[in-house]
Amino acid sequence: MVDVWEDLLRYLEFLKRIGVNTLPARKNIRRFLDLDFTPPPKSLAEIEEEIKNCTRCKLHRTRKNIVLGEGPETARLMFIGEAPGKDEDLEGRPFVGRAGQLLDQMLNTVGINRSEVYITNVVKCRPPGNRTPQPDEIEACLPYLTKQIKLIRPAIICTLGRVAAQTVLATTSDLGSLRGKIHKLDDIKVLVTYHPAYLLRNNSQKSAAFEDLKLLKKLYGDLCKIS
Ligand code: SF4
């Protein structure tokens, strides 16, 4: 809890320094914590240590495991989903259920190996019954995601589903209008596509998701050629 207040105080001091003396109504506050406002963690292990007993939001009451994320600290590509589901909650790993299997297949289709990317979610504990995370839960958990992005500093983020897209891009625009474009979060390119769990229920959207993946493959392929 101390960290939350320290982050908040730093943020308010920064706003004051740049001449912001009043804050807009809550509904207009940018939902994504800017990457500049959180102290950089030294390693994923440091974030793991910080999160392991987290009770910042009510999701801690029903979780079995916290699911921080998985993948190399040096990943150039990061996937961000919505929240752990039942299988992820049981195993403490992201995207291990049916949706995870579909994500693996989607990645294979465009020649990307899961072991080279970092995968996480907006919130790190399972919402009961797999419901959509609520705004206060997302807000409470955002400092962890911010720290993960700051530490890994991927070149590309691919968001999976509406909640991840709207959170990362700090927008209320619908998923359809966000797909097919390259967005920016600081110097990080952000692509938006469907959540694999949605695709499992809506087979007809798989071809649209494949178009998103082709764009991702092009961006990631260009990156690998350069580096
Ligand atoms: Fe903490 Fe995030 Fe879990 Fe809420 S969802 S208890 S903020 S780790």
Side-chain angles (χ1 to χ4, degrees), residues 1-12 26-27 29-71 73 75 78-97 99-100 103 118-154 157-171 185 190 195-198:
M1 186 55 94
V2 171
D3 279 355
V4 176
W5 286 111
E6 280 176 0
D7 287 350
L8 182 60
L9 279 173
R10 251 192 295 275
Y11 182 46
L12 292 173
R26 182 185 171 87
K27 64 182 168 52
I29 291 177
R30 195 166 183 257
R31 287 178 67 199
F32 194 88
L33 292 184
D34 285 75
L35 299 181
D36 286 345
F37 298 149
T38 54
K42 292 191 188 72
S43 63
L44 286 171
E46 186 183 297
I47 307 175
E48 267 169 32
E49 185 59 29
E50 184 187 347
I51 203 173
K52 71 180 183 193
N53 297 314
C54 181
T55 55
R56 283 184 188 172
C57 84
K58 56 188 175 296
L59 295 182
H60 82 274
R61 293 187 203 125
T62 45
R63 74 174 175 229
K64 292 198 168 43
N65 285 294
I66 291 175
V67 185
L68 178 61
E70 190 171 82
E73 259 179 37
M78 178 186 258
F79 286 88
I80 303 176
E82 179 176 309
K86 187 179 174 194
D87 295 313
E88 290 76 18
D89 183 44
L90 287 172
E91 283 200 37
R93 294 178 54 215
F95 284 91
V96 291
L103 177 64
Y118 191 83
I119 304 177
T120 188
N121 286 296
V122 171
V123 297
K124 316 303 188 194
C125 300
R126 182 193 181 201
N130 292 355
R131 65 160 168 75
T132 303
Q134 293 167 350
D136 60 317
E137 295 158 356
I138 293 173
E139 214 165 302
C141 213
L142 268 180
Y144 298 123
L145 179 62
T146 308
K147 286 180 182 180
Q148 287 172 299
I149 295 172
K150 271 198 96 164
L151 176 75
I152 294 166
R153 208 74 209 186
I157 288 175
C158 181
T159 62
L160 303 168
R162 177 186 63 80
V163 170
Q166 291 182 339
T167 303
V168 170
L169 296 172
T171 180
L185 178 70
V190 180
H195 194 288
Y198 172 82

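This chain uses plain numbering: 1 for the first residue, then up along the sequence. In what follows, every heavy atom counts, from backbone to side chain, and hydrogens, waters and symmetry copies are set aside. This structure is a prediction, so every number in the text was calculated from the model and none was measured. Every number for a ligand or one of its atoms is a count from 1 in the order of the listing.
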Inset, instruction - Just jot down the side-chain hydrogen bond (donor to acceptor under 3.5 Å, both in side chains) partners of K58, sequence neighbours excluded, or say none. - result: Q134, D136, E137
Inset, instruction - Indicate yes or no: does R56 engage E50 in a salt bridge with an N to O separation below 4.0 Å. - result: yes
Inset, instruction - Looking only at non-hydrogen atoms, find the nearest pair between A165 and T171 and report the distance. - result: O-CG2, 4.3 Å
Legend entry - Listed partners of R162 passing side-chain hydrogen bond (donor to acceptor under 3.5 Å, both in side chains), at least two apart: Q166
Legend entry - Proximal protein heteroatoms (N, O or S) of atom 3 (Fe) of ligand 1, under 2.8 Å: C125 SG
Inset, instruction - Please examine the side chains of D89 and K86, heavy atoms only from C-beta on, and report whether any two atoms are closer than 4.5 Å. - result: no
Legend entry - Counterpart residues, side-chain hydrogen bond (donor to acceptor under 3.5 Å, both in side chains), relative to K52 (two or more places apart): E49
